[in-house]
Amino acid sequence: MPRKASRREFLKGQAAIDALGDLTHGAEEMPPPSSVDPVVKERLLMHIGREAMACQFEVLLNAGQDSEGPEAAVAALDRIDELEAQLTVYRDRSEVMHVNRTAFSRPVPVETELFRLLQRSAALAKATGGAFDITSGPLTQVWGFYRRQGQMPSEAEVAAALAKVGSEKLELDATNETVRFGCEGMELNLGSIGKGYALDRAAEKIIAAQVQDFCFHGGMSSVLARGQRQRNSQQGWQVALKNPLRPEERLAVFWLRDQALGTSGSGTQYFHHQGKRYGHILDPRTGWPADRSLSATVIAPTAEAGDSLATALYVMGLEEAREFLKDRPELSVVLAVSGPQRGSLQLHVWNLAEDVWQLQGTEKGRIEVVVER
């Protein structure tokens, strides 16, 4: 009968090694865990996860490699919980909701790291011409996506919500670290950057424990990778990208090493109205769902950058993305758009070496790869 593992044994990876014996017959003849083939030990992957921010956050570790890794992973997940409590718009007592309730009537002091995040978000809104904007909360509400359902608003309702959107209306006082809204009814919603920001901040717990090899993701749409999956491999951690037209299939795989990846698309949140599909990613400039792309994937130095830029490029579409990505060699991008034939895809690729990604799937003949220069 399999024995129960203690929490400390689980965190140290011993339970995973013991499980090898439990899965075989004649367990009494199995060698003790300490004598399990080192190659087998190295292949074991430890998953430590928790639900947060409406998805599953998970830390992946090479089992048995770093004695402090599992406990550092738990500390990182605790940090995710703390950041969700600060950033969410689904809890009345969060710091962001306090700002949303108060910042039109007076300047609101906020925690230093949150203030810096707001500054970076406002700068990105300007750099992307408004394709990325954390003040788009009123639009999310009028389209029903706050409730993750979706509804068809009237043109007047969209126009009224759009009038409350625009990072240029944010008044950020760097001296006092305060936020004030220049328009009544404005709201902050950090859904397009919050997971990436949280991954970067929480990963500091793992890095501080001197764990060099790990992969940390939030729902697989935001991924932060450090080091490598196997000691003798130089390819890093493998991350899969789903086909936006066939979510049950892989479209491609990437190997990340000391990088982050963000993917944006409307494959999971959408609704149909009069035969037309409306996705949950809204263009803050028009007030309507973005429909120029099928998915956008960005590999960047930080999870925050990958997360936010994937949203921005998805909203922009191909022509705007081309212009934006000029002279940005630090970003690798795969933008999926509809191909010339029904059910076909074009993948437009920027700054992505051939040896760090691979096209997959059963419909390769219906996928065209265009390397952008």
Side-chain angles (χ1 to χ4, degrees), residues 52-54 57 75-142 145-146 160-205 207-208 218 222 224 260 262 282 284 301-309 311-312:
M53 298 186 179
F57 277 81
L77 292 170
D78 290 342
R79 186 71 179 118
I80 293 289
D81 287 341
E82 294 169 359
L83 290 167
E84 180 179 21
Q86 179 189 34
L87 304 178
T88 183
V89 294
Y90 296 101
R91 300 180 192 175
D92 287 341
R93 305 182 93 177
S94 75
E95 186 170 5
V96 166
M97 284 301 291
H98 173 64
V99 172
N100 285 345
R101 285 191 301 269
T102 315
F104 177 66
S105 59
R106 61 178 175 81
V108 181
V110 296
E111 182 256 345
T112 294
E113 292 302 326
L114 175 56
F115 184 82
R116 291 172 180 169
L117 175 62
L118 299 181
Q119 285 183 310
R120 294 192 298 272
S121 297
L124 185 57
K126 184 175 182 180
T128 60
F132 171 87
D133 202 307
I134 60 170
T135 70
S136 60
L139 291 171
T140 304
Q141 287 211 36
V142 79
F145 289 116
Y146 257 129
L162 191 60
K164 304 170 187 176
V165 174
S167 288
E168 72 279 0
K169 301 181 180 75
L170 273 180
E171 300 173 13
L172 301 175
D173 183 339
T175 301
N176 298 304
E177 295 184 346
T178 61
V179 183
R180 187 165 188 174
F181 294 159
C183 173
E184 187 172 9
M186 283 188 72
E187 290 184 11
L188 300 178
N189 187 329
L190 299 172
S192 55
I193 196 171
K195 280 200 298 184
Y197 168 74
L199 282 175
D200 288 332
R201 294 290 308 279
E204 295 169 0
K205 298 284 187 181
I207 295 168
S222 300
L224 177 67
L282 306 174
T302 67
E304 178 187 311
D307 201 7
S308 55
L309 287 168
T311 299

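- Considering only heavy atoms from C-beta on, Leu77 comes within 4.5 Å of Phe57 through its side chain.
- Summarising the geometry, atom CZ belonging to Arg101 is positioned 6.0 Å from atom CG belonging to Asp92; distances are rounded to the nearest 0.5 Å.
- To the nearest 0.5 Å, the span separating CD on Glu177 from CG on Leu172 amounts to 11.0 Å.
- Counting heavy atoms from C-beta on, the side chains of Glu113 and Leu117 never come closer than 4.5 Å.
- Residue Lys169 places its NZ atom among more than 12 non-hydrogen atoms of other residues, nucleotides or ligands, all under 6.0 Å distant.
- Met186 contributes atom CE, which lies 7.0 Å from atom OG of Ser167 (distance to the nearest 0.5 angstrom).
- Here the closest heavy-atom approach between residue Phe115 and residue Thr178 is recorded as CE1-O, 3.3 Å.
- Between the side chain of Asp200 and the backbone N or O of Ala303 there is at least one donor-acceptor pair closer than 3.5 Å.
- Between Ser136 and Leu282 the shortest side-chain heavy-atom distance does not fall below 4.5 Å.
- The shortest heavy-atom contact between Gly196 and Ser222 is N-OG, 4.3 Å.
- Ion pairing between Arg120 and Glu304 holds under the 4.0 Å rule for side-chain N and carboxylate O.
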Checklist entry - Run the side-chain contact (heavy atoms from CB on, under 4.5 Å) check on Leu114 and Leu190 step by step: do they pass? => result CA-CA 11 Å; Leu114 175 56; Leu190 299 172; 4.1 Å; yes

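- The closest donor-acceptor contact from the side chain of Lys164 to the backbone of Ala160 lies at 3.5 Å or more, if one exists at all.
- A 4.5 Å side-chain heavy-atom check between Leu162 and Val142 finds every atom pair outside the cut-off.
- Around CG of Asn176, the count of heavy atoms belonging to other residues, nucleotides or ligands within 6.0 Å exceeds 12.
- Scanning all heavy atoms of the two residues, the minimum distance from Thr102 to His98 falls at OG1-O, 2.8 Å.
- Side chains of Phe132 and Leu309 form no contact here, defined as non-hydrogen atoms less than 4.5 Å apart.
- Looking at Ser94, its side chain does come within 3.5 Å of a backbone N or O of Met97 through a donor-acceptor pair.
- To the nearest 0.5 Å, the span separating NZ on Lys195 from CG on Leu83 amounts to 14.0 Å.
- When side chains are defined from C-beta on, Glu95 counts as touching Val110, because their heavy atoms get closer than 4.5 Å.
- In this structure, CG on Leu124 lies 5.0 Å from OG1 on Thr128, to the nearest 0.5 angstrom.
- The nearest pair of heavy atoms linking Cys183 to Ala163 is SG-O, 3.9 Å.
- Considering Val96, Ile134, Ile193, Val99 as possible partners of Leu118, the one that fulfils the side chain to side chain contact (heavy atoms under 4.5 Å, CB included) test is Ile134.
- Remark: side-chain polar atoms of Thr135 are paired, donor with acceptor, to backbone N or O of Gly166 under 3.5 angstrom.
- In terms of modelled atom types and a separation under 3.5 Å, the side chain of Thr88 and the main chain of Glu84 share no donor-acceptor contact.
- Residues Gly185 and Pro138 share a closest heavy-atom pair of O-CG, 3.6 Å.
- Shortest non-hydrogen contact noted between Leu224 and Ala203 is CD2-CB, 3.3 Å.
- For CZ of Arg106, the number of neighbouring non-hydrogen atoms (other residues, nucleotides, ligands) closer than 6.0 Å is greater than 12.
- The backbone N or O of Glu187 lies less than 3.5 Å from no partner atom in the side chain of Asn100, so there is not a single donor-acceptor pair.
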